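Computed from heavy atoms alone, side chains included, the values below leave out hydrogens, waters and symmetry copies. Numbering of ligands and ligand atoms starts at 1, following listing order. These numbers were taken from a predicted model, which means no experiment stands behind them.
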Amino acid sequence: MALLLLSLLLLCARSPEPAMAGDPFAYFDWEASYQSARPLGVAQKVIAINGQFPGPPLNVTTNWNVVVNVRNALDEPLLLTWHGIQHRKTPWQDGVAGTNCPIPAGWNWTYRFQVKDQVGSFFYSPSAAPLHRAAGGYGGIVVNNRDVIPIPFPFPDGDLTLFIGDWYVKSHKDLRRSLDAGAPLGPPDGVLINGLGPYRYNDTLVPPAISYERINVEPGRTYRLRVHNVGVSTSLNFRIQGHSLLLVETEGSYTSQQNYSNMDIHVGQSYSFLVTMDQNASTDYYVVASARFVADPDKLTGVAILHYSNSQGPASGPLPAAPDDQYDTAFSINQARSIRWNVTASGARPNPQGSFHYGDITVTDVYLLQSRPPELIDGQLRSTINGISYIAPSTPLILAQLFNVPGVFKLDFPNHPMNRLPKVDTSVINGTYKGFMEIIFQNNATTVQSYHLDGYAFFVVGMDYGLWTDNSRGTYNKWDGVARSTIQVFPGAWTAVLVFLDNAGIWNLRVENLDSWYMGQELYISVVNPEEDHSDKTPLPLPDNTIFCGALSSLQKEQSHRFQYSGASRVGKTVSAAMISTTWLAATWLLYR
Ligand SMILES: *[C@@H]1O[C@H](CO)[C@@H](O)[C@H](O)[C@H]1NC(C)=O
Ligand SMILES: *[C@@H]1O[C@H](CO)[C@@H](O)[C@H](O)[C@H]1NC(C)=O
Ligand SMILES: *[C@@H]1O[C@H](CO)[C@@H](O)[C@H](O)[C@H]1NC(C)=O
Ligand SMILES: *[C@@H]1O[C@H](CO)[C@@H](O)[C@H](O)[C@H]1NC(C)=O
Ligand SMILES: *[C@@H]1O[C@H](CO)[C@@H](O)[C@H](O)[C@H]1NC(C)=O
Ligand SMILES: *[C@@H]1O[C@H](CO)[C@@H](O)[C@H](O)[C@H]1NC(C)=O
Ligand SMILES: *[C@@H]1O[C@H](CO)[C@@H](O)[C@H](O)[C@H]1NC(C)=O
Ligand SMILES: *[C@@H]1O[C@H](CO)[C@@H](O)[C@H](O)[C@H]1NC(C)=O
């Protein structure tokens, strides 16, 4: 019965029209280039978008069509990926090596995708090479709800985005060389907030002449703060002196609203907090992001300033205290478990989020994915999942699948850790379209890792220490586990998620810790819509601007390089159906013929 109800709901939820038509378009012209900056007082090259670091926001509304023309003015191939955006029907807009040929240096390429049935806080970041993000290139994505659908809290007086992340003064190329030489990255040099170094809260710890972020607010107002950990590999604790953080959303799901005095935000994760400016303005206040589970967090602390318009003076006193548990993840794991889905709140659609009763659905596939500390494979330091270290082929998987290029990848990823020597391979999970997959991440490495799945949000149903066993299912949250796309796995512990594979494509599952990602800790899940269910045209035909590479290079036309850099973005509400069809449907090939 529940299943029948669910199917009905899904039928209603997935409207049959091939989208796009009628929905507004938002256009962005972006140029990615190096820019010099000194966030920690040392001059270095960062990746800026339209001269900004962090990059400009992508601020759109549910169901809008987003068109982003990206010019690559770097000296390396570039892609941007849209963290948490699901790219329904257009998996080739995902911007990772398995879905797109990279944009060569000096070329431009236009992403076109619809932010279908999503609301919330996400971010974009460079992704052709994992370590690009260590140089910046990131920015916020805000997907607003349609006016007719209420948000589950009073409309905030302001909307602010904060990027927090660990930072190295070495360039991304030097970091890459270090890993290539088999040397771990070592501790970062600091923590940035919005691309800026720490406020000088202590003369010994912070050198002079560092620019810091100042957040200007009005007393008595309530702001929505969207906080993203865009760093390399460090979990951070976020807090604001004298203010509580009311958690309301994470990665596209409204949470049960709860106050926190601080929140652990792991690499790649996004949270929205409501913060009320309810303190007196005798001083400014510290905004802090400090490293978790490290020996000397003082050296790895980002500090910004919260400044009331009627503030009487600078922030003072010690920084608000971090949880006092350097080598104990118990506080953190309990905090993670306390984050719940608000099942009665509406998400992108008027019906409650919780009308998708994930706990009632029968699991069709189980994957136990185990990681180990990095190890030598053929003399190279590599990270693995189930003993396999991913190697990206020169032909993106999705193009190889569409054009039947043989030998690029194998659909043979093992569903449990294999008792054999680790190897380097291009092995992909064969997902079942509209199957319900249970994935258990088992972390046998020594640091916190976060896993991110493209194309989907998964339900976080369990997290605990030790080895996962069948009995662990008894502890699963089958009711209000939050749906999100990035989840942490503590060392010596496991995290279990459930995901409904209704989005056809080939989707990247990776660790967000950039060093481990670079060393091969990722895989792809292939989800093929069988021919008989092609009624809803998923996916759409390949766009006509597709870049070809690898075995398909001969299909690539020369680019004329006549891109005019304007640095502007605009929103157009009316685009004719004719224009849409020429832009979108000019491709020659269909996925299933
Ligand atoms: C997004 O744009 C809307 C206007 O379209 C504006 O009201 C809102 O403040 C913007 N949000 C952010 C986060 O910039
Ligand atoms: C859940 O959402 C409902 C509906 O918007 C809202 O009224 C309620 O306050 C929310 N509950 C919590 C605990 O956040
Ligand atoms: C600054 O930090 C140093 C090193 O941790 C510490 O010894 C000193 O007490 C701090 N100074 C102040 C004013 O807090
Ligand atoms: C959160 O804390 C604020 C005070 O900062 C309080 O007004 C509010 O009622 C609290 N909300 C919840 C859901 O506990
Ligand atoms: C403002 O708050 C500070 C710290 O809580 C307190 O010491 C001070 O007396 C307060 N000032 C006023 C004017 O309320
Ligand atoms: C992948 O799974 C589909 C069913 O979902 C099956 O028909 C196909 O044979 C599988 N492919 C391989 C290579 O195992
Ligand atoms: C990794 O696995 C080994 C062997 O099962 C075990 O001894 C070790 O404690 C595990 N370490 C972690 C961090 O899980
Ligand atoms: C490159 O940019 C130009 C506009 O400057 C645009 O007409 C062209 O379609 C873009 N190329 C691709 C492949 O998107």
Practice task
Would you check whether S244 has a nitrogen or oxygen atom less than 3.5 angstrom from a nitrogen or oxygen atom of ligand 4?
Solution key: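 There is such a contact, yes.
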Handout entry: Q257 N/O to ligand 4 N/O under 3.5 Å
Key = no
Practice task
Determine whether any heavy atom of T276 lies closer than 4.0 Å to an atom of ligand 4.
Solution key: no
Handout entry: A445 touching ligand 7 at heavy-atom level, < 4.0 angstrom
Key =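 Judged by the 4.0 Å heavy-atom criterion, A445 does count as contacting ligand 7.
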Practice task
Mark the output for L467 as yes if a heavy-atom distance to ligand 7 is under 4.0 Å, and as no if none is.
Solution key: no
Problem - Gap separating the OG atom of S127 from the CG atom of D94, nearest 0.5 angstrom - result: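 Taking OG in S127 and CG in D94, the distance rounds to 8.0 Å.
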Fill in the blank from the handout: atom 11 (N) of ligand 1 sits nearest the protein heavy atom N59 ND2, 2.9 Å
Problem - Protein residue, atom and distance nearest to atom 9 (O) of ligand 4, heavy-atom basis - result: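 Going atom by atom, the protein heavy atom closest to atom 9 (O) of ligand 4 ends up being N259 ND2, 4.7 Å.
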Practice task
Test salt bridge (charged side-chain N to carboxylate O under 4.0 Å, His left out) on R71 and E31 and set out the steps.
Solution key: CA-CA 5 Å; R71 174 167 161 77; E31 179 171 86; 3.2 Å; yes
Would you say [atom] makes contact with the protein, given that contact here means a non-hydrogen protein atom less than 4.0 Å away?
| atom | answer |
| --- | --- |
| atom 4 (C) of ligand 1 | no |
| atom 7 (O) of ligand 1 | no |
| atom 14 (O) of ligand 1 | yes |

Practice task
May I ask you to check if ligand 1 and D159 share an N or O to N or O distance below 3.5 Å?
Solution key: no
Problem - Distance-only N or O hit between ligand 7 and N444, under 3.5 Å - result: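 Checking ligand 7 against N444, an N or O pair does fall under 3.5 Å apart.
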Problem - Residue portion contacting ligand 7 (non-hydrogen atoms closer than 4.0 Å) for N443 - result: backbone
Practice task
Please identify which atoms of ligand 7 are closer than 4.0 Å to at least one heavy atom of G492.
Solution key: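 Answer, ordered by atom number: 12 (C), 13 (C), 14 (O).
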